[in-house]
**Student:** 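One structure, as structure tokens, below. Some questions next.
These numbers come from the heavy atoms of this one structure, side chains and all, not from hydrogens, waters or symmetry mates. Chain letters run A, B, ... following the sequence lines, proteins first, then strands; residues in each count from 1.
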Amino acid sequence: MILSNNKLPVKFYKRNVIIVAKELLGKIIAVNKKGKILSGRIVEVEAYDGSIDQAAHTYIGKTKRNEVMFESGGLLYVYFTYGMYYCSNVVTGKENERTAVLLRALEPIEGIDTMAFNRFGKIEISEKQKLNLTNGPGKLCMALGIDKSQNGISLIGDEIYILKNKKIPEEKIAVTTRIGISKSKELPWRFYIKENPYISRK
DNA sequence: ATCAAGATTACCT
DNA sequence: GGTAATCTTGATA
């Protein structure tokens, strides 16, 4: 059973997006749906910074869609993309810093049966399907039941929160360019835990 | 009003 | 490797 009295404090989030991105690796994100807990260990993330990064939604300035990213750190930014998927981000930095960390993959921990149902419509899944449960930004939102209604909620609240866990040492963090973008491709802002089988791809 | 692009995924060869 | 699915968003008129 995951305890919810060990949440990361707001201060954790109000720092530079690259630092927060790396430190989010290994932490536990939990969703509390009417008392039912779904949780997973964060194993892959990407940083987005609207001040210099053309791939960030906030690069163009504030819009209705991206306004949550302009708030100060500690909120969840959820957006809808490709007509069918949601993606979750952790807002970082100070107000108007317009930075966030995209959650790209989790290692499922608690509520795996519910996640399996959310993803595949059934509870019994193979080992192979288990690896495919939360290994992508759209997949993990589907598994955890995250949608637009959670856009802007506090990560210090009771519905969605992230728990403290020991820091992943630098030598176990892989650094690469980000996936699925066409602008600012060269920025090395994707981070994942080396050797982890639940990452979206090598 | 119309349009192109998109921080993706599943399924195909 | 490639591509269809599916629709919101932001830009342009």
**Student:** Measure from the side chain of A/R119, starting at C-beta and using heavy atoms only, and say which of B/dT9, B/dA10, C/dG10 lies closest.
**Tutor:** B/dA10

**Student:** With a 4.0 Å cut-off on N to O distance, would you call A/K194 and A/E171 a salt bridge?
**Tutor:** no

**Student:** Would you say A/F117 has more than 12 foreign heavy atoms packed within less than 6.0 Å of its CZ?
**Tutor:** no

**Student:** Are B/dA7 and A/Y48 stacked, with the base six-membered ring and the side-chain ring centres under 5.5 Å apart and planes under 30°?
**Tutor:** yes

**Student:** Between C1' on C/dC7 and CG on A/D147, what's the gap in Å once rounded to a whole number?
**Tutor:** 16 Å

**Student:** For the residue pair A/K36 / A/N32, report whether a side-chain donor-acceptor contact shorter than 3.5 Å exists.
**Tutor:** no

**Student:** Give none if B/dA5 has no partner; otherwise give the nucleotide forming a Watson-Crick or G-U wobble pair with it, both distances under 3.5 Å.
**Tutor:** C/dT8

**Student:** Which nucleotide wins on minimum distance to the side chain of A/I60, given the candidates B/dG6, B/dT9, C/dA11?
**Tutor:** C/dA11

**Student:** Does A/D158 come within less than 4.0 Å of A/K7, counting only side-chain N to carboxylate O?
**Tutor:** yes

**Student:** Remember a base hit wins even if backbone is also touched, and classify A/M69 as base, sugar-phosphate or nothing at under 4.0 Å, heavy atoms.
**Tutor:** base

**Student:** With a 4.0 Å limit, can you tell me whether A/K183 has a side-chain N or O closer than that to the phosphate oxygens OP1/OP2 of B/dA5?
**Tutor:** no

**Student:** Let me know the distance between OH of A/Y85 and P of C/dT8, rounded to the nearest Å.
**Tutor:** 15 Å

**Student:** Among C/dG10, B/dG6, B/dA10, which is the nearest nucleotide to the side chain of A/N132?
**Tutor:** B/dA10

**Student:** Nearest-nucleotide wise, let me know which of A/M142 and A/G83 is further upstream toward the 5' end of DNA chain B.
**Tutor:** A/G83

**Student:** Rounded to whole Å, how long is the line connecting atom CE of A/M84 with atom C1' of C/dT6?
**Tutor:** 4 Å

**Student:** Can you tell me the distance, in whole Å, between the OH atom of A/Y79 and the P atom of C/dT8?
**Tutor:** 16 Å

**Student:** Rounded to the Å, how far apart are A/E44 CD and B/dA7 P?
**Tutor:** 16 Å

**Student:** Roughly how many Å is it from CD in A/E46 to P in B/dT8, rounded to a whole number?
**Tutor:** 7 Å

**Student:** In this structure, would A/V101 and A/I179 fall into the same cluster of hydrophobic residues linked by side-chain contacts under 4.5 Å?
**Tutor:** no

**Student:** Take the protein atom OH of A/Y59 and the nucleotide atom P of C/dA11, then report the distance between them rounded to whole Å.
**Tutor:** 13 Å

**Student:** When you look at A/E46 and A/R104, which way does the salt bridge (Lys or Arg N to Asp or Glu O under 4.0 Å) test go after all the steps?
**Tutor:** CA-CA 7 Å; A/E46 285 175 359; A/R104 285 200 55 93; 3.7 Å; yes

**Student:** Do any side-chain nitrogens or oxygens of A/T81 fall under 4.0 Å of OP1 or OP2 in C/dT9?
**Tutor:** no

**Student:** For A/R65, report the nucleic acid contact type (base, sugar-phosphate, nothing); a contact means any heavy atom under 4.0 Å.
**Tutor:** sugar-phosphate

**Student:** Does A/R104 have a side-chain nitrogen or oxygen under 4.0 Å from the phosphate oxygens OP1 or OP2 of B/dT8?
**Tutor:** yes

**Student:** Need one value for A/K148: base, sugar-phosphate or nothing, where a base atom within 4.0 Å counts as base even if backbone is also close, heavy atoms only.
**Tutor:** sugar-phosphate

**Student:** Rounded to the Å, how far apart are A/Q129 CD and B/dC11 P?
**Tutor:** 11 Å

**Student:** Between A/K139 and B/dA7, is there a side-chain N or O to OP1/OP2 distance below 4.0 Å?
**Tutor:** no

**Student:** Could you give the distance separating B/dA5 and C/dT3 at their P atoms, to the nearest angstrom?
**Tutor:** 16 Å

**Student:** Base, sugar-phosphate, or nothing: which does A/L102 touch, judged by heavy atoms less than 4.0 Å apart?
**Tutor:** base

**Student:** Within less than 4.0 Å of OP1 or OP2 of B/dT9, is there a side-chain N or O belonging to A/R201?
**Tutor:** no

**Student:** If you check the A/F80 side chain, which of C/dT8, B/dT8, C/dT9 turns out closest?
**Tutor:** C/dT8

**Student:** Mark yes or no for a side-chain to base donor-acceptor pair under 3.5 Å between A/Y82 and C/dA5, with no hydrogen or angle criteria applied.
**Tutor:** no

